[in-house]
Engineer: 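Here you go, one structure.
Heavy-atom basis, side chains included; hydrogens, waters and symmetry copies ignored. For ligands, and for the atoms within them, numbers begin at 1 and follow the listed sequence.
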Amino acid sequence: MSEQQAEQHTDNGLSWNERVIKEFRANGGRVGGMFEGAPMVLLTTMGRRTGKPHTNPAIHLHDGDRYLVFASNAGRDTHPDWYHNLLDSPQVTLEIGTDEGAVKKLATRAQVLEGAERDRYWERQCSLDPAFRDYETKTARTIPVVALQPLDLAADSERSRMIGVQLVKHHEDLRAGLARVRAAIEEALGATDTAGPRPVGLTEQLRKQCLTYCYGLQMHHIREDGSFTAFEDRFPHLVPAITRLREEHKVVEAALAEFEAILDKGISGEPGDLERVRAELDRVVNGLQEHFTYEEETLLPALEG
Ligand SMILES: [Fe+2]
Ligand SMILES: [Fe+2]
């Protein structure tokens with residue numbers, strides 16, 4: 001089965017991508033079948049139109065401290081979505097299997113290789129894995145080679161300080177976003193109390209606003225999980241606090257998945273339905289303010305040096 005056919009194949013309601021991701025995470029970064037023994041990684045990019053996190057499996061080549069990935073799209077004539085996403089936002093979260101059988105997440109910055117450097121690594125990859133030579137013959141496209149450089153805080157103390165500033169800024173944005181979503185729900189509830197007709201499109205607008213907030217929060221936590229690996233290397237005394245923060249991210253992630261499932265079914269606009277959405281949102285964000293505060297209190301003193 002070619003990679004292209006495999007991607008279209010679905011099993012148990014999961015897409016090909018979803019099955020590979022599940023297997024990768026459950027088996028310390030190893031995947032069987034057609035990818036048995038292949039050096040797989042998972043890339044999470046931010047959807048350039050939706051802001052939604054997108055995770056894709058890819059084969060990588062290790063080069064010093066960088067990880068190289070190839071936007072082959074199995075030889076199709078279009079670049080894969082993840083490539084367009086990283087051009088728009090080069091912060092990529094990489095998941096890779098460790099020697100201990102776990103999966104670690106790394107915060108990386110993507111750089112598209114050009115010219116002779118690109119050609120050199122492309123040739124190396126084709127000689128290691130002939131499937132890539134085959135992809136090249138199927139398309140007139142020059143298949144991009146992307147270097148992912150992991151965040152290293154030991155190299156640059158100014159970088160640590162900037163990450164601290166960004167952390168506070170993101171939390172401010174997320175707190176403000178939350179207030180806006182809550183206000184929109186209250187407004188929708190108010191509109192349904194009046195005798196007149198419901199404003200057209202209000203519930204759809206509300207659903208989109210809730211989803212955008214969810215995606216923003218998911219993206220923030222995924223990127224933080226990657227950065228935490230660099231924080232632990234640089235500031236070992238933070239390991240217990242970071243372990244707690246990672247656990248809290250998992251709790252929020254599970255609640256967000258349930259909230260998204262409710263939003264996917266649509267909001268009817270009836271007061272009972274809107275109240276249910278409000279209650280679910282409260283459940284999702286329960287503890288979130290404390291999470292932000294704890295994160296700032298524990299991480300900022302170290303990041304600010
Ligand atoms: Fe966090
Ligand atoms: Fe945070």
Side-chain angles (χ1 to χ4, degrees), residues 25 42-47 50-55 85 89-96 102-110 150-153 156-182 209-260 280-305:
R25 287 178 176 156
L42 300 182
L43 311 175
T44 301
T45 56
M46 183 168 79
T50 58
K52 185 178 180 174
H54 284 272
T55 301
N85 289 345
S89 175
Q91 281 175 272
V92 178
T93 304
L94 184 79
E95 286 170 73
I96 186 158
V103 172
K104 71 173 172 183
K105 287 187 184 176
L106 300 174
T108 74
R109 180 159 283 272
L151 173 67
D152 177 7
L153 294 176
D156 182 0
S157 62
E158 176 58 16
R159 185 95 185 85
S160 299
R161 205 187 60 77
M162 280 312 298
I163 290 173
V165 171
Q166 283 164 5
L167 179 91
V168 173
K169 165 91 174 63
H170 284 154
H171 286 181
E172 276 170 11
D173 290 347
L174 286 165
R175 285 180 179 117
L178 180 60
R180 280 196 300 275
V181 171
R182 276 180 194 276
Q209 206 174 342
C210 288
L211 276 176
T212 302
Y213 185 74
C214 285
Y215 298 157
L217 186 56
Q218 281 168 343
M219 209 62 242
H220 176 71
H221 282 180
I222 289 168
R223 285 177 168 172
E224 265 177 0
D225 283 339
S227 304
F228 285 170
T229 305
F231 293 2
E232 285 171 325
D233 287 346
R234 180 78 182 90
F235 311 111
H237 68 281
L238 290 180
V239 169
I242 287 175
T243 303
R244 170 177 155 179
L245 290 167
R246 279 207 180 98
E247 285 307 313
E248 288 176 0
H249 286 183
K250 283 184 199 159
V251 172
V252 175
E253 188 187 317
L256 281 174
E258 281 178 43
F259 188 50
E260 259 189 75
E280 272 301 312
L281 180 72
D282 282 347
R283 205 172 67 81
V284 170
V285 300
N286 187 24
L288 197 60
Q289 301 283 14
E290 284 145 72
H291 173 79
F292 291 159
T293 305
Y294 179 69
E295 205 161 59
E296 289 168 11
E297 282 173 0
T298 50
L299 302 184
L300 287 182
L303 290 170
E304 285 164 356

Engineer: Evaluate the ring planes of F228 and H249, with Trp represented by its six-membered ring, and classify them as parallel (under 30°), tilted (30 to 60°) or perpendicular (over 60°).
Structural biologist: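 The rings of F228 and H249 lie parallel, inter-plane angle below 30°.
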
Engineer: Restricting to non-hydrogen atoms, name the atom on L174 and the atom on G216 that form the minimum distance, rounded to 0.1 Å.
Structural biologist: CD2-C, 4.1 Å

Engineer: Examine distances only and state if a side-chain atom of T108 and a backbone atom of V92 form a donor-acceptor pair shorter than 3.5 Å.
Structural biologist: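 Between the backbone of V92 and the side chain of T108 there is a qualifying donor-acceptor contact (under 3.5 Å).
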
Engineer: How long is the gap from NE2 on H170 to CD on E295, to the nearest 0.5 Å?
Structural biologist: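 If I round to the nearest 0.5 Å, the distance is 12.0 Å.
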
Engineer: By atom name, which N, O or S atom of H249 is the nearest to the Fe ion (ligand 1)?
Structural biologist: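 For H249, the N/O/S atom sitting closest to the Fe ion (ligand 1) is NE2.
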
Engineer: Is there a side-chain contact between L211 and K52, using heavy atoms and a 4.5 Å cut-off?
Structural biologist: no

Engineer: Taking the basic N atoms (NZ, or NE/NH1/NH2) and the acidic carboxylate oxygens, is any pair closer than 4.0 Å for R244 and E247?
Structural biologist: no

Engineer: What count do you get for protein N/O/S atoms less than 2.8 Å from the Fe ion (ligand 2)?
Structural biologist: 4

